[in-house]
Amino acid sequence: MKVSPFPAAAEHELANVQLRRNLRAATDTIQSKRARVVAELPDWEALRDAGSEIKADVLARLDELLVEFETAATAAGAHVHWARDGAEAGAIVARIAREHDVDEVVKVKSLTTDEIQLNDVLATAGVRAIETDFAELILQLDGDWSSHILVPAIHRNRTEIRDLFARTIAPGIVSDDPADLAEASRVYLRERFLRAKMGVSGANFGIAETGTVCVVESEGNGRMCTTLPPVLVSILGIEKLLPRFDDLEVFLQLLPRSSTGERMNPYTSLWTGVTSGDGPQELHIVLLDNGRTRVLRDEVGRQALHCIRCSACLNVCPVYTRTGGHAYGSVYPGPIGAILTPQLIGIENASSLPYASTLCGACYEVCPVKIDIPRVLLHLRAEAVRARGRSAERLTMRIVGWTFESARRFTLAQRVARTAQTPFARGGLVRRLPPPLSGWTRSRDLRAVAKTSFRSWWAGR
Amino acid sequence: MSDARTEVLARIAAIPREPAPEPSRDYRVSGERSADEVVELFCTRAADYRAEVVRVDAAAVATAIVRILAAHGAQRVGIGPGLRSEWRPAGCELVDESALDVAGLDRLDGAITGCTVAVAETGTIVLSGSPEEGRRALTLVPDLHVCVVMREQIVELLPEGIRLLGPLVRSEGRPLTLISGPSATSDIELDRVEGVHGPRRLAVVVAG
């Protein structure tokens, strides 16, 4: 997999006025809700520290904790599977569906299953996966894809959704009131929940100590998918573990406040193996690598695996709030996507993403698990340059570096530039340079070299 | 080719990592409010998320439930097999959920349960599948959930609640559901709509 270059994709997205208007309204609203509920907690910073340190501990002991999780979940009656990559995970889910003669599964919104394109894998195996999160359903009905981790259909407005529903699940619907649209999806999905033979979910957390799986949601579709069908398969990225049950006291405070800006989301479900007479009687958990161990290998970049997918970094990012999620060309958009995607699929396949940032640091400030996103971005930019090998840019930078290394060469270069800029400088700014330097001035102005440098002014004073 | 388990574990084991220090836990783990303030806070916060909250004397729970059911026109109501008799309302049909399949649950107008613990700061009630709460589907499929919370079940902070729940999970593997208000979505232009797939109405009776 290779993602299309960010600058080209962003240019296309920026032309979509509807998208920009919706996105800005949404991100501003969530951002201020988040700020309000975070300010309520006197110990927010202590919670962030704990969250970050618990995740660092998880990565340090990941192999040990995975085995602990497997042992506990198995003892509680779950079947634990391991998958090196998305294809292997998909094959496991498809096999379970086949064993139960199932041709339709109900699905909880899950980035992990989007990442491994599970729905396509299942479709190939003759199994229809029905997305049951309201926004995911909208996207699925329209063959569209997510633009925001939390509110995936934020780029669509109510009239578009009404028209879509009229074409698909609710013929004849005229109202575009969100309550009526939600009701239409309730009616459509309800019979599917009640008849479902198999549910598929991701997971927000897995507890190593107890083998517990945790799903956090708002609509109740998650509860439907994880309690009504007799068979449940949950796909858990290996980094989603927490060592102890009590660690939830940290993460169930950090996640909802950072994500939806609520003190607590409406529903959080936790299940530990099979409970006789309550919920699925056959439970599968797939532990998924799919590039995560590759991320773990990078000492600086591995902190991206702390991520709990809250999306707070998207809402504050000056780049994301303008381009939206599609420009990132990956399941994980925004600042976190810019550091996670290149590491998961290889920097050579997403080399423009680490540049999709102004390095302003707002993402770091709001991150509930203190991922130093700007630092990882810089680190990955260096990797991207290394991966590109020889290039004109690299050569130019090397020459610039060599020039700046010596005062004599620097002064000489200033003198040359002062003369060379004459045809291009207007009012102290260079707005357009000739090729091959035009790339620099295509989207920014360059300040002209001053008539007199400070050093020569000082010397001649 | 080795199996996936061996290979994933080997990939991790091959990566040099420093042991991480014991995580700091300098956040609040016990509240400072008085018992009355905690109950007050729970009621405010639960109502904040559009749960209907009523406070009654311990002896008046059944009467309060009768009023709620009447207001919602609920006739056939599901209960866990162990719902205490003094909470059972008169004048409606009470059905033991353990005898019902999913289609049966779908024909109920509502459900009445107790809870295991409630958290004031977040307005959350927690169910753990006890006989007084029934199985998870009982509070999911019917459209109305009436939950009785006894005043002494309310803790101030989430960590206090989690620490009470830990033993139930560790020793019995009990399934937990944390509920904060009725189901909701904000997926269309961020307009909040209450009531999607879970019960559209949540009534909390705070007793004592």
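Chain identifiers are assigned alphabetically (A, B, ...) following the order of the sequence lines, protein sequences preceding nucleic acid strands; residue numbering begins at 1 within each chain.
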If we ignore hydrogens and angles and just use 3.5 Å, is the side chain of [X] paired with the main-chain N or O of [Y] as donor and acceptor?
X: B:R192; Y: B:A184; answer: no
X: B:R33; Y: B:G31; answer: no
X: A:N265; Y: A:S218; answer: no
X: A:E160; Y: A:N157; answer: yes
X: B:R45; Y: B:E121; answer: yes
X: B:Y27; Y: A:E249; answer: no
X: A:S52; Y: A:R48; answer: no
X: A:E209; Y: A:F245; answer: yes

Part of [X] within contact of chain B (heavy atom distance under 4.5 Å):
X: A:T293; value: both
X: A:D289; value: side chain
X: A:L189; value: side chain
X: A:L59; value: backbone
X: A:R257; value: side chain
X: A:L252; value: both
X: A:A83; value: backbone

For chain B, the option from [options] that forms the most heavy-atom pairs under 4.5 Å:
options: A:I54, A:V216, A:V151, A:T210; result: A:I54
options: A:D247, A:T226, A:D177; result: A:D247
options: A:R156, A:E183, A:E70; result: A:E70
options: A:A25, A:A26, A:A182; result: A:A26
options: A:R302, A:E45, A:H81, A:E217; result: A:R302
options: A:R186, A:E53, A:E299; result: A:R186

In Å and rounded to the nearest 0.5 Å, what is the [atom1] to [atom2] distance from [X] to [Y]?
X: B:I112; Y: B:L94; atom1: CD1; atom2: CG; value: 5.5 Å
X: A:L65; Y: A:L242; atom1: CG; atom2: CG; value: 9.5 Å
X: B:R28; Y: A:L41; atom1: CZ; atom2: CG; value: 5.5 Å
X: B:L144; Y: B:I68; atom1: CG; atom2: CD1; value: 8.0 Å

Checking [X] against chain A: side chain, backbone, both or neither under 4.5 Å from a heavy atom?
X: B:V193; answer: side chain
X: B:L178; answer: both
X: B:E22; answer: backbone
X: B:S171; answer: neither
X: B:E18; answer: backbone
X: B:S98; answer: neither
X: B:P182; answer: backbone
X: B:V141; answer: both
X: B:L165; answer: both

task: Identify which one of B:T177, B:V149, B:V204, B:I179 satisfies the side chain to side chain contact (heavy atoms under 4.5 Å, CB included) criterion when paired with B:C115.
output: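 Considering B:T177, B:V149, B:V204, B:I179, a side chain to side chain contact (heavy atoms under 4.5 Å, CB included) with B:C115 is found only for B:V149.
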Residue selection (most heavy-atom pairs with chain A, distance under 4.5 Å) from [options]:
options: B:L202, B:D143, B:L127, B:V119; value: B:D143
options: B:R5, B:E194, B:R170; value: B:R5
options: B:A13, B:A20, B:S24; value: B:S24

- prompt: What do you reckon, is CZ of A:R21 surrounded by more than 12 foreign heavy atoms closer than 6.0 Å?
  reply: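 No, because the 6.0 Å sphere around CZ of A:R21 holds 12 heavy atoms or fewer from other groups.
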field: pair A:I207-A:C214: side-chain heavy atoms closer than 4.5 Å
entry: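 Heavy-atom side-chain distance check fails, nothing below 4.5 Å.
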